[in-house]
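Throughout, a chain's letter reflects where its sequence line sits, starting with A, and its residues are numbered from 1.
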There are 2 protein chains.
Amino acid sequence: MKWHDLNNDTCPLARAMGAIGDRWTLLILRECFLGVRRFDGFQKRLGVTRHLLAERLKRLETMRMLERRPYQERPLRHEYRLTASGKSFAPVLLAMQDWAQQCLPSDDPAPFTFITRDSGAEVCPVVTDRHTGQELNHRTVLMVPATAAAAKVIEAHRSAPTPALQADSSADTTTGTG
Amino acid sequence: MKWHDLNNDTCPLARAMGAIGDRWTLLILRECFLGVRRFDGFQKRLGVTRHLLAERLKRLETMRMLERRPYQERPLRHEYRLTASGKSFAPVLLAMQDWAQQCLPSDDPAPFTFITRDSGAEVCPVVTDRHTGQELNHRTVLMVPATAAAAKVIEAHRSAPTPALQADSSADTTTGTG
DNA sequence: AAATTAAGTTCTATTTTGGAACTCATTATC
DNA sequence: GATAATGAGTTCCAAAATAGAACTTAATTT
């Protein structure tokens with residue numbers, strides 16, 4: 001399998017890794033959230049080679065996470081700004097920072113934090129269910145093949161045992177729309 | 001900068017990319033959450049080369065996200081299981097899957113979903129603040145250098161304007177006003 | 001005895017990345 | 001008016017990582 005192929009994978013997580021599955025892309029996004037917009041700003045702060053930076057910025061633009069827009073003419077210069085897609089990556093950064101601080105600890109304090117825009121208080125991120133408010137983690141949530149999920153829903157509707165769940169979970173791609 | 005150096009970066013997000021900033025590691029974790037435990041299980045489902053898979057599993061073990069434990073003797077065979085650290089990565093997967101489904105859409109439906117263990121209902125993940133319940137996203141949250149965050153806290157305590165915030169933000173990181 | 005299963009390891013070829021120097025248009029400095 | 005300096009890249013080569021396939025080892029099944 002090749003790098004590029006991930007972008008067309010049916011699994012959203014695989015596509016996410018097609019987008020940010022390298023050493024630099026997520027760090028470029030981090031800098032965007034910190035307010036950096038220009039090529040040399042990214043380059044100096046990250047220490048990434050200009051070569052790769054140019055390539056990664058181009059990719060982020062292709063993926064519509066960043067947009068390149070002129071900030072001056074004569075000579076023409078562009079800056080990079082987060083698009084709506086780019087901005088909506090913020091919750092992933094929050095979850096990831098929280099996880100890394102707990103599970104990949106460091107002697108040094110984090111150089112950045114997230115604060116609320118209204119109160120300025122440091123946030124304490126937790127993933128919850130939008131509808132029930134329940135905290136979502138490994139204890140409360142199960143990851144299942146889509147077919148099994150559909151079967152679960154059917155089961156819940158009928159409130160009677162269906163053989164669908166135990167049926168055949170041996171094959172690797174049983175994509176059936178329930 | 002080298003691959004390995006990220007693991008000791010002071011930034012948690014950089015360390016996170018040291019952990020999962022490649023094409024395969026996160027997909028291996030995905031398979032773990034789906035119940036896969038054995039070398040050949042990962043290999044067949046992901047299509048990753050055995051060489052890389054062995055290397056990545058070793059790394060995940062070193063990072064204490066997976067643990068290798070014997071499941072039979074004669075011949076001795078091991079399986080890989082999520083540790084507490086590995087399990088606590090679940091919220092990141094939830095946030096990432098949600099983001100990718102919205103921002104990297106596909107013609108095909110996702111092959112996996114997350115359901116609650118109690119009701120079996122599909123979850124709708126949203127990152128919130130543990131204390132206030134407020135939804136955390138680009139509109140409600142600001143990413144700031146740790147010093148600026150400290151200044152904000154001091155400011156909030158005194159409820160009087162301090163020069164600390166405007167002090168040395170002359171670089172290209174113009175931490176926005178309000 | 002030969003094939004199969006399971007979990008790797010070893011080898012070479014290809015792709016990606018790192019590091020440095022170079023370009024090009026304009027503006028600032030001597 | 002020549003000489004930096006700035007900003008955003010591009011080009012080139014060396015080093016590292018990844019892909020693909022074959023090989024190993026120990027036991028089990030046919």
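With a cutoff of under 4.0 Å to any heavy atom of chain B, the contacted region of DNA chain D is bounded 5' to 3' by D:dA17 to D:dA27. The footprint of chain A on DNA chain C, defined by a heavy-atom cutoff below 4.0 Å, extends from C:dT17 to C:dT27.
For the pair A:Pro12 and B:Pro111, the tightest heavy-atom approach, listed with the atom from each and the gap, is CD-CD, 4.3 Å. Considering every non-hydrogen atom in both B:Phe112 and A:Met143, the closest pair reads CB-CE, 4.0 Å. The shortest heavy-atom contact between A:Ser85 and A:Met65 is O-CE, 4.2 Å.
Judged purely by atom type and a 3.5 angstrom limit, B:Ser119 has no side-chain atom pairing as donor or acceptor with the backbone of B:Thr116. Using a distance-only test at 3.5 Å, with no hydrogens or angles considered, a donor-acceptor pair links the side chain of B:Thr128 to the main chain of A:Val126. Without hydrogens or angle criteria, B:Asp40 side chain to B:Gln43 main chain gives no donor-acceptor distance under 3.5 Å.
Residue A:His51 is the one, among B:Arg50 and A:His51, whose nearest nucleotide of DNA chain D lies closer to the 5' end (criterion: closest heavy atom). Toward the 5' end of DNA chain C, the nearer of the two residues A:Val48 and A:Arg74, judged by each one's closest nucleotide, is A:Val48. The 5' end of DNA chain C is approached more closely, in terms of each residue's nearest nucleotide, by A:Thr49 than by the other of A:Thr49 and A:Leu76.
Contact annotation for A:Arg77: base contact, defined as any heavy-atom pair under 4.0 Å involving a base atom.
A salt bridge between A:Arg130 and B:Glu135 is present, with a side-chain N of the basic residue lying under 4.0 Å from a carboxylate O of the acidic one.
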Which atom pairs, donor and acceptor, lie under 3.5 Å between side-chain atoms of residues 14-26 of chain A and protein residues at least two apart or in another chain?
{"unit_1": "A:Arg15", "atom_1": "NE", "unit_2": "B:Leu104", "atom_2": "O", "d": "2.5"}
{"unit_1": "A:Arg15", "atom_1": "NH1", "unit_2": "A:Asp9", "atom_2": "O", "d": "2.9"}
{"unit_1": "A:Arg15", "atom_1": "NH1", "unit_2": "A:Thr10", "atom_2": "O", "d": "3.2"}
{"unit_1": "A:Arg15", "atom_1": "NH2", "unit_2": "B:Leu104", "atom_2": "O", "d": "2.9"}
{"unit_1": "A:Asp22", "atom_1": "OD1", "unit_2": "A:Thr25", "atom_2": "OG1", "d": "2.4"}
{"unit_1": "A:Asp22", "atom_1": "OD2", "unit_2": "A:Trp24", "atom_2": "N", "d": "2.7"}
{"unit_1": "A:Asp22", "atom_1": "OD2", "unit_2": "A:Thr25", "atom_2": "N", "d": "3.1"}
{"unit_1": "A:Asp22", "atom_1": "OD2", "unit_2": "A:Thr25", "atom_2": "OG1", "d": "3.3"}
{"unit_1": "A:Asp22", "atom_1": "OD2", "unit_2": "A:Arg56", "atom_2": "NH1", "d": "2.9"}

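Listed by residue number, B:Arg38, B:Phe39, B:Asp40 are the residues of residues 22-42 of chain B with a heavy-atom contact under 4.0 Å to DNA chain C. Near DNA chain D, meaning a heavy atom under 4.0 Å away, the residues from residues 56-69 of chain A are A:Lys58, A:Arg68.
If you chain together hydrophobic residues whose side chains sit under 4.5 Å apart, B:Phe114 and A:Val144 never meet in one group. Both A:Phe33 and B:Trp99 belong to a common hydrophobic cluster when Ile, Leu, Val, Met, Phe, Trp and Tyr are linked at side-chain heavy-atom distances under 4.5 angstrom.
With values rounded to the nearest 0.5 angstrom, A:Ile115 atom CD1 is found 6.5 Å from A:Thr113 atom OG1.
Listed by chain and residue number, B:Glu79 satisfy the side chain to side chain donor-acceptor pair (under 3.5 Å) test with B:Arg81 (two or more places apart in sequence, or in another chain).
Residue B:Tyr80 is tested with B:Glu67, B:Arg38, B:Arg37, B:Arg68 for a side-chain contact (heavy atoms from CB on, under 4.5 Å); the sole match is B:Arg68.
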